Amino acid sequence: MIIYELVKPGIWINQTKDQVLNMNLENILSHLINSFYETNLSLNLFNDERIRNRMNHDLEKNSRHQDYQIRLKFEKEVQGNYSEKDIYTNYEEISFQTEIKFKRNKWSTGRLPFIFSHSLIFIHARTFLYALDNFERSLGVLSNEKGTPVELKNIHESLLKKFPDLRAVRNSAHHSEDRVRGLSFNKKINLKPLKNFIHAPLGGVLIIN
């Protein structure tokens, strides 16, 4: 687990004689600290899920033969509800009922539906993204408040340089209903070439999540 240490040297802010301003600074700082911890925690959850994903993949791979036997058993149970001559004509319904029994049995043993286990890592990724975005916004607000050290602006600018596309990625994740239609601010997205884990040198590929 990665734990980033945070030291707050005191409890109350006495930066100015204006108590209302001091309280406002305390509130912003408190939100900043909470965002910091959420970012740190969500990063660990993401890393843990990435490891768990690999383990689940190996588990599913090793369970294929056993799953086949269990599915075969349920198929015979379902077929028992039909006469021998009706089994062929009702093949699709038998397959459907067999799959229901098989999945419910698998879930009862603690094995998650694929869509659950597949989605977890994306949920943690978005949590990290939103928490980091909250941290950046709070830091930007704090750096512009009256009475705060000028160094805060430099720290905020340094953060933006390290994550230059943070706001754009956050907006893209938050407005997925537009992205799945290939839109950004109601304008068609120009899908540029990709050469990373997806090879699309001519562009035209829309990646969600």
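Keep in mind that what you see is a predicted model, and the values were worked out from it rather than measured.
Judged as a salt bridge (Lys or Arg N to Asp or Glu O under 4.0 Å), not a single pair has a partner in residues 194-209 (not counting sequence neighbours). Residue pairs meeting the side chain to side chain donor-acceptor pair (under 3.5 Å) criterion with at least one member in residues 154-165, sequence neighbours excluded: E136-H156. Within the structure, side chain to side chain donor-acceptor pair (under 3.5 Å) pairs that include any residue of residues 181-192 comprise D178-R181 (at least two apart or interchain). Pairs of residues two or more places apart, or lying in two chains, never qualify as side chain to side chain donor-acceptor pair (under 3.5 Å) while including a residue from residues 32-41.
Expressed to the nearest 0.5 Å, how far CD of E151 lies from CD1 of I155 amounts to 7.5 Å. Of the inter-residue distances, the one linking I33 atom CD1 with L6 atom CG reads 5.5 Å to the nearest 0.5 angstrom. Interatomic distance, CG of N105 versus NZ of K73, reported as 6.5 Å (0.5 Å rounding). Atoms CD and OH, from Q97 and Y82 in turn, are 6.5 Å apart once rounded to the nearest 0.5 Å. In this structure, NZ in K8 is found 6.5 Å from CG in L29, a value given to the nearest 0.5 Å. Atom-to-atom distance recorded for I94:CD1 and T89:OG1 is 7.5 Å, nearest 0.5 angstrom.
For Q69, the CD atom is densely surrounded, since the number of other residues' heavy atoms within 6.0 Å is greater than 12. By the 6.0 Å contact criterion, CZ on F122 is enclosed, its count of non-hydrogen atoms from other residues, nucleotides or ligands being greater than 12. Annotation: E92, atom CD; neighbour count of heavy atoms from other residues, nucleotides and ligands within 6.0 Å does not exceed 12.
Residues E145 and L21 form a side-chain contact, since some pair of their non-hydrogen atoms from C-beta on lies under 4.5 Å apart. With contacts defined as side-chain heavy-atom distances shorter than 4.5 Å, the pair E75/L72 qualifies. Side-chain contact between D67 and F102 is present, with heavy atoms from C-beta onward closer than 4.5 Å. Looking at heavy atoms from C-beta onward, L25 lies in side-chain contact with L142 at the 4.5 angstrom threshold. Within the 4.5 Å cutoff, the side chain of R71 has no heavy atoms near those of the Y68 side chain. Within the 4.5 Å cutoff, side-chain heavy atoms of Q19 are placed close to those of N22. In this structure the side chain of L129 reaches within 4.5 angstrom of the side chain of L166, judged on heavy atoms. Considering only heavy atoms from C-beta on, N44 stays 4.5 Å or farther from H124 through its side chain.
Grouping the Ile, Leu, Val, Met, Phe, Trp and Tyr side chains by contacts below 4.5 angstrom, directly or via other members, places L32 apart from M23. By the rule that hydrophobic residues join a cluster once side-chain heavy atoms approach within less than 4.5 Å of another member, L139 and Y4 end up as members of one cluster. A continuous path of hydrophobic side-chain contacts links I2 to F163 [ILVMFWY only; heavy atoms under 4.5 Å]. Under the 4.5 Å side-chain heavy-atom criterion for grouping Ile, Leu, Val, Met, Phe, Trp and Tyr, V180 is connected to L206 within one hydrophobic cluster. Under a hydrophobic clustering in which Ile, Leu, Val, Met, Phe, Trp and Tyr are joined whenever their side-chain heavy atoms come within less than 4.5 Å, directly or via other members, V78 and I87 fall into the same cluster.
With 3.5 Å as the limit, one finds a donor-acceptor pair spanning the side chains of R50 and N47.
Legend: residues meeting salt bridge (Lys or Arg N to Asp or Glu O under 4.0 Å) with R179, ordered by chain and number and at least two apart, are absent. Under the side-chain hydrogen bond (donor to acceptor under 3.5 Å, both in side chains) criterion, K106 pairs with no residue at all, not counting sequence neighbours.
Of all the heavy atoms in K153 and S143, the pair that sits closest is NZ-O, 3.5 Å. For the pair R170 and Y130, the tightest heavy-atom approach, listed with the atom from each and the gap, is CG-CD2, 3.9 Å. Closest heavy-atom contact between F128 and S42: CA-OG, 3.1 Å. Shown here for P193 and P201, the closest heavy-atom pair between the two residues is CB-O, 3.1 Å. Here the closest non-hydrogen pair linking S138 and I28 is O-CG2, 3.8 Å.
Relative orientation of the F36 and F135 rings is tilted, given thresholds of 30° and 60° on the angle between their planes.
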